[in-house]
Amino acid sequence: MASLEQNLAAVRERIAAAARAAGREPDEVRLLAVSKTWPAEDVRALAALGQVDFGENRAQELIGKAGELADVPLRWHFIGQLQRNKAAAVARVGAVVHSVDRLPLAQALSRAGEGSGTPVEVLLQVDLGGPEGELGARGGAYPAGLPALADAVAELPGVRLRGLMAVAPRGAAPAPAFARLADLAARVRADHPEAVELSAGMSGDLEDAVAAGATIVRVGTALFGDRPLPSGEIGHHQPHESHQ
Ligand SMILES: *Cc1c(COP(=O)(O)O)cnc(C)c1O
């Protein structure tokens, strides 16, 4: 089994190859290491190898790890469903929030950003599965409502609208979904030029996302190994080799 260092090199090479294949520069694509379920020591080890951006999908886990790793210069990203009452705590660790899917959440983040004096960087999460969820909804605002949501979020004083995020729908080819996302992103960017980020692509589909213009890919499994399944489910936890 590969070490963390080898995994990181392999993922970076996949990103670089996908960028070159798309006629893009490898450094146009930022790697966001999704450390959910993995302990702070794994984050520390990957950070020691030069990785800066880390993503979590649960507020409690993010806040815990950010506290344990306060001595490491990291940039945190929040990529999961966020409750309004956790918005301030997530903002406090300086996280970029990729999963803003409704105005009340953006308003809560804006209040936090105003209170701290540092605007919260946000991306709007788009549901590419369709309003009926026929392709397997993965969360987010529906494409039809996106321009209005972007306009409203851009007006808020305590957030900065930085772009869009999506997860490819289950049970469908990722490339057409990412192409649709890129279309939406171009439309939002026409009205909000600072919304340049496109957060798309994971371990299984990052090449398709980079081809469609992703500026941030969110990779967990290909870096850290298979995550343990929630207790009660059948499955085997296969941790990556120790890298101490
Ligand atoms: C877990 C997660 C990822 C990483 O997925 P992998 O398949 O492990 O690379 C990316 N994005 C979101 C929103 C996630 O929840």
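Sequence positions, counted from 1, serve as the residue numbers for this chain. Read the numbers this way: they start at 1 and go in the same order the structure lists the ligands and their atoms. Since this is a predicted model, take the numbers as computed values, not measurements.
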- Query: Does Glu155 CD have over 12 foreign heavy atoms under 6.0 Å away?
  - Reply: no

- For atom 13 (C) of ligand 1, what's the nearest protein heavy atom and its distance? Ile79 O, 3.6 Å

- Query: Closest non-hydrogen protein atom to atom 8 (O) of ligand 1, residue and atom name please, with distance?
  - Reply: Thr221 OG1, 2.6 Å

- Flag the pair Glu56 and Lys36 as a salt bridge only when some basic side-chain nitrogen lies within less than 4.0 angstrom of an acidic carboxylate oxygen. no

- Compare all side-chain heavy atoms of Arg30 with those of His77 and state whether any distance is below 4.5 angstrom. yes

- Message: Does the residue His98 have a heavy-atom contact with ligand 1, meaning some pair of atoms that are separated by less than 4.0 Å?
- Response: no

- Message: Any non-hydrogen side-chain atom of Asp53 less than 4.5 Å from a side-chain atom of Leu31?
- Response: no

- Starting from atom 11 (N) of ligand 1, locate the nearest protein heavy atom and write down its residue, its atom name and how far away it is, to 0.1 Å. Arg218 NE, 2.9 Å

- Item | Protein residue, atom and distance nearest to atom 3 (C) of ligand 1, heavy-atom basis | Met202 SD, 3.7 Å

- the protein heavy atom lying closest to atom 9 (O) of ligand 1 turns out to be Ser203 OG, 2.5 Å

- Query: Under 4.0 Å from any heavy atom of Gly220, which atoms of ligand 1 are there?
  - Reply: 4 (C), 6 (P), 8 (O), 9 (O)

- Task: Supply the atom-to-atom distance Arg162 CZ to Ile216 CD1, rounded to the nearest 0.5 angstrom.
- Result: 8.5 Å

- Query: Does the pair Arg44/Asp71 count as a salt bridge with the N-to-O cut at 4.0 Å?
  - Reply: yes

- Atom CG in Leu161, atom CD in Glu194: separation rounded to 0.5 Å? 5.5 Å

- atom 2 (C) of ligand 1: the protein heavy-atom neighbour that sits closest, reported with distance to 0.1 Å: Lys36 NZ, 2.6 Å

- Message: Under 4.0 Å from a heavy atom of Val219: which atoms of ligand 1 are those, numbered in the order shown and with their elements?
- Response: 9 (O)

